[in-house]
Protein chains: 2
Amino acid sequence: MSATGVTPAPTVGRPRAFDMEKALQKALEVFWRKGYEGASLPDLCEAMGINKPSLYAAFGNKEQLFLKTIELYENRPCAFFYPALERITSYEVVQHMLCGAASANADPDNPPGCVIVQGALACSESATFVKEALIAKRRAGEVALCTRLEQAKAEGDLPANAEPAALARYILAVLQGMAVQATSGANCAELKQVAETVLAAWPGKRPELE
Amino acid sequence: MSATGVTPAPTVGRPRAFDMEKALQKALEVFWRKGYEGASLPDLCEAMGINKPSLYAAFGNKEQLFLKTIELYENRPCAFFYPALERITSYEVVQHMLCGAASANADPDNPPGCVIVQGALACSESATFVKEALIAKRRAGEVALCTRLEQAKAEGDLPANAEPAALARYILAVLQGMAVQATSGANCAELKQVAETVLAAWPGKRPELE
DNA sequence: AGGAATACCTACCAGTCGGTACATTACTGT
DNA sequence: ACAGTAATGTACCGACTGGTAGGTATTCCT
């Protein structure tokens with residue numbers, strides 16, 4: 001959360017000829033579309049508009065570049081997730097997650113799906129670290145939602161027999177399934193229908209009229 | 001659906017020294033765990049216990065080998081899906097799909113997840129054909145379920161305002177999400193909880209008592 | 001016994017992978 | 001003006017990718 005993020009930025013020497021953030025954005029697009037292993041260095045360099053040595057000097061290596069793009073992904077295209085937790089009712093929390101995912105996963109301005117799901121779902125041993133980093137990201141989301149649903153249960157928003165852990169896992173499964181659907185060609189309206197189907201059966205209090 | 005499946009099997013010449021079906025099973029395991037692109041030919045050969053030229057002579061090339069393993073996958077580990085469509089009520093159809101998926105995706109005797117989901121979700125251009133073949137498989141399942149739910153609606157099993165297409169997409173999303181959860185380490189009991197959550201809210205008639 | 005047919009293994013192919021050495025260029029501080 | 005520092009582009013590295021040529025071994029059919 002500090003300046004350590006993306007290189008200290010030196011005051012002397014030849015200045016960098018490209019915008020790191022924009023380059024990172026381009027790299028994200030490539031990883032998003034092709035996955036960690038499917039994205040080659042020439043692919044990345046071409047999209048980023050730089051050469052390999054510049055990439056390595058600025059971002060370390062392919063693995064570190066990927067992790068930085070994921071950070072960017074969480075702060076931009078996927079920025080709907082954690083803020084959704086702050087809604088007043090569990091219904092609204094889940095509603096914002098599902099609808100946000102529908103919009104983000106099928107946004108025509110971005111590759112389809114979710115890079116945290118499809119970035120390294122099945123891969124060779126050499127990508128194990130990246131794969132497990134993504135697993136940890138997904139799990140972190142599930143844990144955060146679970147905690148929020150426990151709070152909802154304590155508040156009486158969710159019924160006494162509700163199981164926050166199971167509900168959180170269910171919602172994350174739907175979100176991840178929506179990502180798969182998006183990569184298969186589902187559009188935003190179709191994903192919103194999935195969201196609606198989930199919401200129609202949500203056990204928590206409705207915010208609407210009364 | 002005929003003998004064209006896996007080479008005509010000649011009557012003359014040196015007999016094949018390995019069991020094609022067993023070799024295919026081993027190849028499936030590798031593709032399942034590493035995905036289409038993450039599985040290298042040495043990986044496959046080692047698991048199958050044969051050399052590259054034997055692999056090519058028997059199965060064509062990597063792409064054709066993959067497609068044959070998918071065929072095997074649908075007939076074996078994933079054999080729960082289409083038969084589930086033949087249950088009497090939509091509830092039972094969905095129940096068998098979800099519970100079958102929970103067992104299959106988290107079977108400790110097999111790699112976690114579903115090869116049709118994780119085999120080629122995001123990949124380089126060279127794997128486009130395989131990726132689209134898997135998309136088609138997923139879509140075929142969705143269409144089949146949709147058709148079955150339309151029948152359920154016509155029978156009065158599902159309410160008149162039910163939308164079979166949306167419900168089918170929703171169930172497929174859950175199934176695919178369960179596969180992602182399994183690759184992330186979820187066990188069978190955890191996946192069954194997801195299945196239960198879906199079933200508790202299913203709009204179709206319950207088979208139980210009455 | 002001898003051909004014909006097929007599978008097997010070793011060794012190899014061109015192309016691509018992630019990653020880097022090195023010389024050059026562009027800037028800052030004195 | 002000049003040293004110090006850092007980014008750039010070219011050209012390369014060994015390892016690995018999917019795929020194959022070609023010689024050898026094992027079988028069936030006559």
Side-chain angles (χ1 to χ4, degrees), chain A residues 6-24 27 30-31 34-69 119-120 122-131, chain B residues 6-24 27 30-31 34-69 119-120 122-131:
Chain A
V6 199
T7 315
T11 65
V12 325
R14 180 171 175 173
R16 189 167 278 127
F18 63 94
D19 181 327
M20 286 188 72
E21 175 112 358
K22 282 192 181 123
L24 216 47
V30 176
F31 281 131
K34 303 191 175 185
Y36 174 67
E37 287 191 308
S40 72
L41 287 182
D43 285 340
L44 292 162
C45 288
E46 189 185 335
M48 298 166 87
I50 62 178
N51 293 98
K52 275 191 277 182
S54 298
L55 191 158
Y56 276 79
F59 302 104
N61 61 12
K62 191 186 178 185
E63 184 178 299
Q64 291 170 41
L65 172 63
F66 181 79
L67 297 177
K68 291 211 175 78
T69 65
C123 52
S124 72
E125 291 96 344
S126 67
T128 304
F129 182 79
V130 163
K131 175 179 151 190
Chain B
V6 199
T7 315
T11 64
V12 327
R14 180 172 173 173
R16 188 167 276 128
F18 63 95
D19 181 326
M20 287 189 71
E21 175 113 358
K22 281 191 180 123
L24 216 47
V30 176
F31 281 130
K34 302 191 175 184
Y36 174 67
E37 287 191 308
S40 72
L41 287 181
D43 286 340
L44 291 162
C45 287
E46 189 183 337
M48 297 167 87
I50 62 178
N51 292 97
K52 274 191 279 182
S54 297
L55 190 158
Y56 277 78
F59 301 104
N61 61 12
K62 191 186 179 186
E63 184 178 298
Q64 291 170 43
L65 172 63
F66 181 79
L67 297 178
K68 289 210 176 79
T69 65
C123 51
S124 72
E125 291 95 343
S126 67
T128 304
F129 183 79
V130 162
K131 175 179 150 191

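First the proteins, then the strands, lettered A, B, ... as listed; each starts at 1.
Once rounded to the nearest 0.5 Å, the distance linking NZ of B:Lys68 with CD of B:Gln64 reads 5.5 Å. With rounding to the nearest 0.5 Å, the separation of NZ in A:Lys131 from CD in A:Glu37 is 10.0 Å.
The heavy-atom pair separating A:Gly119 from A:Phe66 by the smallest distance is CA-CZ, 4.3 Å. When all heavy atoms of A:Gly38 and B:Ser124 are compared, the pair lying nearest together is O-CB, 3.4 Å.
The shortest distance between the side-chain N/O atoms of A:Ser54 and the OP1/OP2 oxygens of D:dT8 is below 4.0 Å.
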Please table the atom pairs, donor to acceptor, closer than 3.5 Å between any side-chain atom in residues 49-57 of chain A and protein atoms at least two apart or in another chain.
none

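Partners of A:Lys34 according to the salt bridge (charged side-chain N to carboxylate O under 4.0 Å, His left out) rule, which considers only residues two or more places apart in sequence or in another chain, are A:Asp43, B:Glu125. Qualifying side chain to side chain contact (heavy atoms under 4.5 Å, CB included) partners for A:Ala122, counting only residues two or more places apart in sequence or in other chains: B:Gln118.
Residues from residues 39-50 of chain A that place a heavy atom under 4.0 Å from any atom of DNA chain C, listed by number: A:Ala39, A:Ser40, A:Leu41, A:Pro42. Listed in residue order, the members of residues 122-129 of chain A having a heavy atom less than 4.0 Å from DNA chain C come to none.
Protein atom CG of B:Asp19 is 15 Å distant from nucleotide atom P of C:dA7, rounded to whole Å. Remark: P of C:dC17 and CD of A:Glu63 are 18 Å apart, rounded to the nearest angstrom. Taking atom CZ on A:Arg16 and atom C1' on D:dT5, their separation rounds to 13 Å, with Å as the unit. As a whole-Å value, the separation of B:Glu37 CD from C:dT16 P is 14 Å. The distance between atom CZ of B:Phe18 and atom P of C:dA7, rounded to the nearest whole Å, is 9 Å. Between the P atom of C:dC8 and the CZ atom of B:Phe59 lies a distance of 10 Å, rounded to the nearest Å. The distance between atom CG of A:Asn51 and atom P of D:dT10, rounded to the nearest whole Å, is 7 Å. Per the geometry, CG belonging to B:Leu65 stands 10 Å off P belonging to D:dG19, to the nearest Å.
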(request) Give the intermediate values and the outcome of side-chain contact (heavy atoms from CB on, under 4.5 Å) for residues B:Tyr36 and B:Leu67. (result) CA-CA 10 Å; B:Tyr36 174 67; B:Leu67 297 178; over 6 Å; no
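At least one side-chain heavy atom of A:Leu24 sits under 4.5 Å from a side-chain heavy atom of A:Leu65. With contacts defined as side-chain heavy-atom distances shorter than 4.5 Å, the pair B:Lys62/B:Val130 does not qualify.
Note on ring orientation: taking the six-membered ring where Trp is involved, the planes of B:Phe18 and B:Phe59 are tilted (angle from 30° to 60°).
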(request) Classify every nucleotide of nucleotides 20-30 of chain D by which part a protein heavy atom approaches to under 4.0 Å, writing B for the base, S for the sugar-phosphate alone and - for neither, in 5'-to-3' order. (result) BB---BBBS--
